[in-house]
There are 2 protein chains.
Amino acid sequence: MLKISKKADYALMALQHIAVVQFGDVTPGRVVNTKEIAEEYNIPLELLAKVLQTLAKHALIESHNGPKGGYLLARRAHQITIAQILESIEGPLGITDCSHEKDGELCMQRENCHIRTPLLKVQDSIAQLLNNMTLQDMMGGTPLITIQSPAAQGVER
Amino acid sequence: MLKISKKADYALMALQHIAVVQFGDVTPGRVVNTKEIAEEYNIPLELLAKVLQTLAKHALIESHNGPKGGYLLARRAHQITIAQILESIEGPLGITDCSHEKDGELCMQRENCHIRTPLLKVQDSIAQLLNNMTLQDMMGGTPLITIQSPAAQGVER
DNA sequence: TCTTAGTCCGACCTTATTGATCGGAGACCA
DNA sequence: TGGTCTCCGATCAATAAGGTCGGACTAAGA
């Protein structure tokens, strides 16, 4: 349960790779193309292309066309959160269907639903978790963060 | 992203309802059947039946057949965690495909994968979150728990 | 004891989401 | 200016979720 899609998985791998290449010590500033990543991690080329294209559209990376082209991180690694990456690929975080319900479309269960509030607390905790973790952390950074469990914030009676 | 299935949603509603009926002040000990829950929360009857049946198989509730039959919580509310409920319906918690990989079947990306370890830390945090929250909390309990962010535990370099 | 109504149980079908693929448009370098 | 390399958008197949149907069991009531 709560599994993230393969596309999101690929996105994380790709960004981690780009970050290391671009900000690492070996070849700083180098542009990296789709093919290189696909071969390195055994990812279907065309699918990865689509993932990177989505990330570019969400302004997490910059695309450079033509020969010697490829992708570059749009920001520094510590400014890109895991939450941003996942949301680019899979849409906004939502444990339940009614997480971002507009005023018009409310679910049939809403009226008597007693689990919405506690679940939203859980969701907030996970969001906090993903927002406090960045690409930098995946490169070896060691930030120190502490978050609160939703139960500690008080649950609706 | 990270959305739980509707079946899992229904399971939470149903168990919350059963818990309130069974351990509440109004009709303590009463058996509750599928139809009652389905009507109360506008859930498709047959689908809910299947969900309850799964929960019974995992020994979270007891089924009583025949007229005046229905379901009863197998344990007290504070002994049933949200994690147990979700796992009964959706299978074990796993952010990625390689979360519970057997020794035989490892993914193609495993060799060069640098995101597995950090992701497993995130997964552990979520697991901790869900394991520390019980049905009791959904009835109005207010336990105080604190958990640690995965980043704080140190991420692989 | 037999009947009958109410309940749970298991297999099946339909729909939606994800995973993967193909051909085309644009940009850079020689 | 031609050719090649790259990104881009639309399309198709596989998988899982959502929902439905009829059968088996139990226990109360005559």
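Proteins come first, then strands; the chains are lettered A, B, ... in the order of their sequence lines, and each starts at number 1.
A donor-acceptor pair under 3.5 Å links the side-chain atoms of B/Q123 to the main chain of B/I95, judged by distance alone. In this structure, the side chain of B/N132 does not engage the main chain of B/L129 through any donor-acceptor pair within 3.5 Å.
Summarising the geometry, the separation between CG on A/L72 and P on D/dT6 is reported as 15 Å, rounded to the nearest angstrom. The CD atom of A/E46 sits 14 Å away from the C1' atom of D/dC5 (whole-angstrom rounding). Straight-line distance from the CG atom of B/L45 to the P atom of D/dG19: 13 Å, rounded to whole Å.
Heavy atoms of other residues, nucleotides or ligands lying less than 6.0 angstrom from CZ of A/R30 number more than 12.
The stretch residues 60-71 of chain B comes close to DNA chain D through B/N65, B/G66, B/P67, each having a heavy atom under 4.0 Å from the strand.
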>> side-chain hydrogen bond (donor to acceptor under 3.5 Å, both in side chains), that's the test. Do B/H17 and B/E36 meet it? Break it down for me.
In response: CA-CA 10 Å; B/H17 183 83; B/E36 174 183 333; 3.0 Å; yes
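In this structure, A/I80 and A/L60 approach most closely via the heavy-atom pair CD1-O, 3.9 Å.
Remark: B/L72 pairs with B/Q22, B/V31, B/H64 by the side-chain contact (heavy atoms from CB on, under 4.5 Å) rule, at least two apart or across chains. By the salt bridge (Lys or Arg N to Asp or Glu O under 4.0 Å) test, B/R75 pairs with no residue at all, sequence neighbours left out. Remark: A/K6 pairs with B/D97 by the salt bridge (Lys or Arg N to Asp or Glu O under 4.0 Å) rule, at least two apart or across chains.
Chain B approaches DNA chain C over the interval C/dG6 to C/dC12, counting the first and last nucleotide 5' to 3' with an atom under 4.0 Å from its heavy atoms.
Two residues are said to be in side-chain contact when any heavy atoms from C-beta on lie closer than 4.5 Å; B/I18 and B/I37 meet this criterion. A heavy-atom distance below 4.5 Å is found between the side chains of A/V122 and B/M133.
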> Which letter, B, S or -, goes with each nucleotide of nucleotides 12-18 of chain D from 5' to 3', with contact meaning a protein heavy atom under 4.0 Å?
Replying inline: ------S
